[in-house]
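Computed from a predicted structure; not experimentally measured. The sequence lines fix the lettering, A, B, ..., with proteins before strands; numbering per chain opens at 1.
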Amino acid sequence: MFSPEIAPVVNIADLPQYEGQAVTIRGWVYHLRSSGKVRFLVVRDGTGLVQGVLVKGRLPEEDFHQFDRLGQESSLILRGQVRAELRAPGGYEVEVTGLTPLHICQNYPIAHKEHGVGFLLDQRHLWLRAPRQQAILRLRDELARACRDFFYDRGFVLVDTPILTPTACEGTTTLFATDYLDRGKAYLSQSGQLYLEAAAMALGKVYCFGPTFRAEKSKTRRHLMEFWMVEAEAAFYLLEDILQLCEDLVRYLVLRVLERRNRELEMLDRDTTLLSKVSQSFPRLSYTEAVVRLQTEGVAITWGEDFGGDEETRLSQMFDRPVLIHRYPRQIKAFYMEADRDNPELALCVDMLAPEGYGEIIGGSQRVADLDILLARLQEYHLPQEPLEWYLDLRRYGSVPHAGFGLGLERLLAWVCGLKHVREAIPFPRLLDRLYP
RNA sequence: UCCCCGGUAGCUCAGCAGGUAGAGCGGGUGGCUGUUAACCACUUGGUCGGCGGUUCGAGUCCGUCCCGGGGAGCCA
């Protein structure tokens with residue numbers, strides 16, 4: 001191994017700063033080519049790719065011949081001279097003066113060509129090494145950080161909600177059950193909202209960010225069994241405040257990514273002019289208006305029905321920005337949503353649909369603040385009261401109007417990246433009938 | 001749970017009207033002093049998803065099961 005004093009260990013992304021200098025690079029073989037006495041070795045290190053050139057006679061004979069043993073993804077350390085080179089991909093290359101393989105491997109399963117989705121998902125642990133997957137993961141990281149920055153800057157306090165819960169939050173979706181020692185069943189959380197409401201009564205403005213579990217047998221491009229959701233809740237907020245807050249959040253997130261992760265978006269061939277439309281205000285439509293617009297376009301839907309994937313797609317394609325649909329019929333929404341005073345048939349709620357057919361990325365609402373109404377709702381929705389006594393307490397002791405929303409990270413990321421399926425938006429997707437790796 | 005499509009070499013696929021298995025990539029060997037998914041030559045590689053049926057004969061036709069993909073319902 002080379003001592004760093006002779007040649008500093010450098011990230012490939014930083015190579016231009018080291019032009020003309022000797023450097024050490026640690027990484028993996030991305031690609032190999034040989035022309036006999038001149039050999040090319042494309043190396044990746046997680047920050048980028050660089051071509052190493054081995055010329056017979058210009059490095060120790062033994063190191064030169066190590067090249068023959070290398071296969072794709074063999075790990076290695078190499079030392080060489082950085083130089084600008086127009087013929088090299090990226091404009092810079094390294095003239096290799098020393099090559100030390102760390103681990104030789106052959107038959108790396110993922111070649112530089114088209115592969116089927118099933119195969120790639122089985123190889124997800126290796127697929128992550130692909131430049132495209134790296135770009136997606138970096139964008140995910142940026143969005144996650146940006147969420148935290150957004151809420152921190154606005155005085156929201158991070159409150160971690162439990163993952164193991166005694167009951168369903170909404171009583172609608174199917175939950176993953178697990179044994180809670182000898183105390184019966186526990187369920188994996190499908191939302192932190194109810195707990196967040198309690199925290200909002202303590203701290204005012206709060207949010208949580210963590211994994212969420214839905215045991216629905218959904219098999220579509222928008223569904224995961226396990227996904228990450230950022231949820232916000234604020235005391236004294238009304239529906240209008242939530243509309244503004246979630247619009248501000250999505251605008252902030254997208255602009256942040258445009259500003260800091262342009263390289264990754266470029267690698268994904270994302271058309272960023274579409275994303276930059278978020279700087280304009282988002283259209284707002286009531287559910288009723290949305291139904292009318294759909295009907296005008298010939299979609300068979302009647303007032304009172306929930307939007308399916310098709311309807312969401314059609315609606316989101318009507319605009320070049322995310323659109324906010326508010327005040328759905330109460331019947332098709334969750335028990336905790338406050339009714340509209342002007343029309344009690346309507347819930348004070350909002351869904352944000354991403355453009356380009358990506359569909360729902362946010363769901364939010366103003367919550368029922370009155371104890372008696374909430375009790376009636378539990379009956380109406382056939383929900384047990386006893387396990388929700390603590391939730392009812394929030395209406396017994398200093399109840400205030402409050403509202404919140406949840407944003408699905410993978411759906412947002414899929415839209416930002418222009419992915420065809422959310423399964424690429426999470427490092428290790430959990431899908432129907434797929435729990436490996 | 002339902003509907004549609006698929007399962008042939010490690011991978012991506014072709015295989016005509018039923019006649020006994022192919023290509024490219026990858027792997028291996030050799031060649032090449034500037035390659036860009038390099039190229040050239042040679043080579044390795046298969047219970048054609050399982051079971052049953054029709055037939056002289058099934059990768060091919062029929063039935064059934066398994067697995068995968070897409071969608072519906074439901075949701076972020």
Results of ring pair (Phe, Tyr, Trp, His ring centres under 6.0 Å) for [X] - residues two or more places apart only:
X: Phe67(A); value: none
X: Phe40(A); value: none
X: Phe119(A); value: His115(A)
X: His421(A); value: none

Return yes if the base of rC75(B) and the side-chain atoms of Ser218(A) contain a donor-acceptor N/O pair under 3.5 Å, otherwise no.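 In this structure, the two groups form no donor-acceptor pair.
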Can you find a donor-acceptor pair, distance only, under 3.5 Å between His115(A) side chain and rC11(B) base?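 Side chain to base: no pair present.
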Show me the donor-acceptor pairs, under 3.5 Å and distance only, between side chains in residues 291-299 of chain A and residues at least two apart or in other chains.
unit_1: Gln295(A); atom_1: NE2; unit_2: Ile301(A); atom_2: O; d: 2.7
unit_1: Thr296(A); atom_1: OG1; unit_2: Val292(A); atom_2: O; d: 2.7

Does anything in residues 357-366 of chain A come within less than 4.0 Å of RNA chain B? Heavy atoms only, and list the residues if so.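 Result for residues 357-366 of chain A: Glu360(A), Ile361(A), Ile362(A), Gly363(A), sorted by number.
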Is [X] touching bases, backbone alone, or none of the nucleic acid, heavy atoms closer than 4.0 Å?
X: Glu410(A); result: nothing
X: Asp351(A); result: nothing
X: Glu93(A); result: base
X: Arg222(A); result: base
X: Lys56(A); result: nothing

Can you tell me how far [atom1] in [N] sits from the matching atom in [M], rounded to whole Å?
N: rG46(B); M: rC62(B); atom1: P; answer: 29 Å
N: rG59(B); M: rG30(B); atom1: C1'; answer: 36 Å
N: rA14(B); M: rG6(B); atom1: C1'; answer: 15 Å
N: rC4(B); M: rA37(B); atom1: C1'; answer: 34 Å
N: rG26(B); M: rU44(B); atom1: C1'; answer: 11 Å

Can you see if the side chain of His421(A) gets near the phosphate of rG70(B) - specifically, an N or O under 4.0 Å from OP1 or OP2?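 For rG70(B), OP1/OP2 do have a side-chain N/O of His421(A) under 4.0 Å.
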Under-4.0 Å side-chain N/O to phosphate OP1/OP2 contact, Arg39(A) with rC32(B):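 No.
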d(Asp271(A) CG, Leu275(A) CG) to nearest 0.5 Å is 7.5 Å
Side chain of Arg411(A) - closest among rG73(B), rC74(B), rC75(B):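 Nearest nucleotide to the side chain: rC75(B).
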Nearest listed nucleotide, side chain of Lys219(A), among rG70(B), rC75(B), rG34(B): rG70(B)
Does rG34(B) have Phe40(A) stacked on its base, where the ring centres are within less than 5.5 Å and the planes differ by under 30°? no
With Watson-Crick and G-U wobble geometry limited to distances under 3.5 Å, how should the secondary structure of RNA chain B be encoded in dot-bracket form, using | for bases paired to another strand and [ ] for crossing pairs? (((((((..((((.....[..)))).(((((.......))))).....(((((..]....))))))))))))....
More 5' along RNA chain B: Val422(A) or Ala88(A), using each one's nearest nucleotide? Ala88(A)
Under-3.5 Å N/O pairs linking protein and nucleotides 21-31 of chain B:
unit_1: rG24(B); atom_1: N2; unit_2: Lys113(A); atom_2: NZ; d: 2.6
unit_1: rG27(B); atom_1: O4'; unit_2: Asn107(A); atom_2: OD1; d: 3.2

Could you list the residues that satisfy salt bridge (Lys or Arg N to Asp or Glu O under 4.0 Å) with Arg87(A), not counting sequence neighbours? Glu85(A)
Answer yes if the ring centres of Phe150(A) and Tyr252(A) are under 6.0 angstrom apart, and no otherwise.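 Yes, the ring centres sit under 6.0 Å apart.
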Applying side chain to side chain contact (heavy atoms under 4.5 Å, CB included), can you list everything that pairs with Asn107(A), at least two apart in sequence or on another chain?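 With sequence neighbours excluded, Asn107(A) shows a side chain to side chain contact (heavy atoms under 4.5 Å, CB included) to no residue whatsoever.
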Listed by chain and number, what are the side-chain hydrogen bond (donor to acceptor under 3.5 Å, both in side chains) partners of Tyr287(A), not counting sequence neighbours?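 Not a single residue meets the side-chain hydrogen bond (donor to acceptor under 3.5 Å, both in side chains) criterion with Tyr287(A).
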Which pair of non-hydrogen atoms, one from Arg367(A) and one from Ser365(A), has the smallest distance, and what is that distance?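 The answer is NH1-OG, 2.6 Å.
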Pairs flagged by salt bridge (charged side-chain N to carboxylate O under 4.0 Å, His left out) wherever residues 18-36 of chain A is involved - sequence neighbours left out: none
